[in-house]
Amino acid sequence: MSLTIYNTLTRKKEPFTTIEPSKVRMYVCGVTVYDYCHLGHARSYIVWDTVRRYLQWRGYDVRYVQNFTDIDDKIIRRSQEENLPWQDITHKYIDAYLEDLGRLNVKPADAYPKATEVIPQIIDFIKRLIDQGYAYAADGDVYYAVEKFPTYGKLSGRKLDQMEAGASGRVDEEAETKKRHPLDFALWKAAKPGEPEWQSPWGLGRPGWHIECSAMVQELLGDRIDIHTGGEDLVFPHHENEIAQSEAALAKPLATFWMHNGFVKIRGDKMSKSLKNFTTIRSLLENTDAMVVRLFVLQAYYRSPIDFTDEAIAAAENSWKTLEEAVLASAYFKSLPDWSNAQSEALDEESVKRFNEAMDDDFNTPIALSVLFELAKELRRQRNLIVHTGKPDLPTTQIHQKFQTLIELMTTLGLKMLQPSALENAISAEVSLSITDDEIEALIQQRQEARKAKNFAESDRIRNELQEKGITLIDDKGGITRWHRNSEQ
RNA sequence: GGCGGCAUAGCCAAGUGGUAAGGCAAGGGUCUGCAAAACCUUCACCCCCAGUUCGAAUCUGGGUGCCGCCUCCA
């Protein structure tokens, strides 16, 4: 089976193809940097990061470019409000973006172009559109003439005459008078006094929002790319306009596959900055493990909406614990006599097969995760058997294989593997700091005597005392008490 | 007004013609002084109505409800 991807452009799943064999050129629409990122952004970039990781795991050489929009009305407004140069605003929030998404284990892009770094390319692009008759200058602004592009609306499935201009109620009156058609959009905006400005053939001004992506894609990835992604709110107008710009100027399809992720909802509504109902990534991470957030996102299919609730996060927390415990179980597997002989790269083929089938079907992470949970539960079971009965009921080579597979698949989904060596250090530190084996044995002996005398208050006291020192006691049949040091911190 | 999406157990969420994955939570049993683990076990008439079919959560038509987009937006 081969990878299929849902393409917004055609509204169906299509077999994945690349322009160049085994190379993927991928462009991800990034954020406008005037504020901290919220959970909605987190979802989007976790999803695209996972797509990238999976393509790499399947052997593709992926070039991944993601932009920062570092000049626009909101940035200007923010800089005026805070009385700071706009560069201070954008630098601050770019740093914050990299930090927040890094914590979610989103890999850095191969390039992070900024709008203000490609002004010459943007100007060239606009000139080209004007020369070819797709754009017109109007009193310091430049607009794209949507009526000149016959297939305008093909991505979002609309026709010009169906759209009600200004239906969203956010129309700039002044700009309307300059436009030839209400749907025409700005490629270049004249600067008002005091605003950041760049020299252009049309006077001092700044680029419109959509043109930067067309220019950057061409600059960094070429005239055509394989995958272009973003949140579903970007389908119209942003991506529609990118298509109009790039395909008019270059006369070839911009992207083969257009992918869009569903929203994060909160209490049934879209989470967004304008609704002021967002939770920023950094506030969420104050008391939630980053991998819990990642798991919360991946437990849904990327095109479906997900509802952000305390219950959902709590459930993800428990789910993550299951995976974590399975990874931590390696501390116990290491004590198996033939563990070191079992070391090999071999994976559990059946699990890998099912994982790939799920991911090949338009990145169906909920199903892919079910494979991980099955592995994790089996590993946890083996760990428990070791702790409670002294030996597992699977051959060590199989345990090793399942363990190796779990780690590999978790890594592919960007679920950060805990370093077993760090764990060992933690455990050995605990051992050296707390209590020796002999002391434990002595206490257990005392407790046995208390139990024989039916002095359960005393026996429970000893159990609790040891528990506080990180030692768990297990009473087996035949009056034997086993114990182990707790592996979880 | 136009375009689009969604509706599956207490919660989250797969499943696109063959008789309901997975996760979370909950309950019962064996065992136990208590506890832990293990093992066994319980938990969905798939929003409604009609149709197509040997067979539908899955296809068709009609409803109902919720949501998104229509130049701020991941």
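Predicted, not measured: the structure shown is a model, and the values here were computed from it. A, B, ... follow the sequence lines: proteins, then strands. Residue 1 opens every chain.
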Touch check for [X], heavy atoms < 4.0 angstrom, all strands: base, sugar-phosphate only, or nothing?
X      : answer
A:W209 : sugar-phosphate
A:F456 : base
A:N364 : sugar-phosphate
A:S319 : sugar-phosphate
A:H38  : base
A:T309 : nothing
A:V264 : base
A:I474 : base
A:G40  : base
A:Y45  : sugar-phosphate
A:G262 : base
A:D184 : base
A:L473 : base
A:R461 : nothing

Tell me whether the OP1 or OP2 atom of [N] has a side-chain N or O from [X] closer than 4.0 Å.
X      : N      : answer
A:K377 : B:rC24 : yes
A:H388 : B:rA37 : no
A:T322 : B:rC24 : yes
A:S304 : B:rA14 : yes
A:N318 : B:rA25 : yes

Polar pair under 3.5 Å, donor/acceptor by atom type, side chain [X], base [N]:
X      : N      : value
A:R463 : B:rA35 : yes
A:S459 : B:rG33 : yes
A:R303 : B:rG68 : no
A:D72  : B:rC72 : no
A:D161 : B:rG2  : no
A:K74  : B:rC73 : no

Is [N] paired to anything, Watson-Crick or G-U wobble with both distances less than 3.5 Å, and if yes, which nucleotide?
N      : answer
B:rA7  : B:rU64
B:rU52 : none
B:rA38 : B:rU30
B:rU58 : none
B:rC46 : none

Between [options], spot the one nearest the side chain of [X], thanks.
X      : options                : result
A:A315 : B:rA74, B:rG23, B:rA38 : B:rG23
A:D233 : B:rA13, B:rG33, B:rA74 : B:rA74
A:F373 : B:rA37, B:rG23, B:rA74 : B:rG23
A:E311 : B:rA21, B:rG33, B:rC11 : B:rC11
A:P366 : B:rG22, B:rA14, B:rA74 : B:rA14

Could you measure between the two [atom1] atoms, the one in [N] and the one in [M], and give it in whole Å?
N      : M      : atom1 : result
B:rA14 : B:rC59 : P     : 16 Å
B:rC11 : B:rC47 : P     : 13 Å
B:rG23 : B:rA35 : P     : 26 Å
B:rA56 : B:rC69 : P     : 38 Å
B:rA44 : B:rG15 : C1'   : 14 Å
B:rC66 : B:rA50 : P     : 24 Å

- Task: Starting at atom NE2 of A:H239, determine the distance to atom P of B:rC70, rounded to an integer number of angstrom.
- Result: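 After rounding, the reported distance stands at 14 Å.
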
- Are A:F263 and A:I306 side-chain neighbours, meaning at least one heavy-atom pair lies under 4.5 Å?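 When only atoms from C-beta onward are counted, A:I306 and A:F263 do not touch, as no gap falls below 4.5 Å.
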
So is [X] actually on top of [Y]'s ring, under 6.0 Å and inside 45° of the axis?
X      : Y      : result
A:K114 : A:F68  : no
A:R158 : A:F236 : yes
A:R78  : A:Y34  : no
A:R303 : A:Y6   : yes

- Query: For A:D475 and A:Y302, take the nucleotide of RNA chain B holding the closest heavy atom to each; which residue's nucleotide lies nearer the 5' end?
  - Reply: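 The 5'-side residue here is A:Y302.
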
- Note on the structure: Of A:Y6 and A:I367, the one whose nearest nucleotide on RNA chain B sits closer to the 5' end is A:Y6

- Please walk me through it: do A:Y45 and A:Y97 pass ring-ring contact (aromatic ring centres under 6.0 Å, His included)? CA-CA 11 Å; A:Y45 300 114; A:Y97 170 92; 5.7 Å; yes

- Task: Give a yes or no on this: more than 12 heavy atoms of other residues, nucleotides or ligands lie within 6.0 Å of atom CD of A:E81.
- Result: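 Yes, CD of A:E81 has more than 12 neighbouring heavy atoms, counting only those of other groups under 6.0 Å.
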
- Message: Under the ring pair (Phe, Tyr, Trp, His ring centres under 6.0 Å) test against A:H238, which residue among A:H260, A:H210, A:H228 passes?
- Response: A:H210

- Are the ring centres of A:F185 and A:Y143 closer than 6.0 Å? no

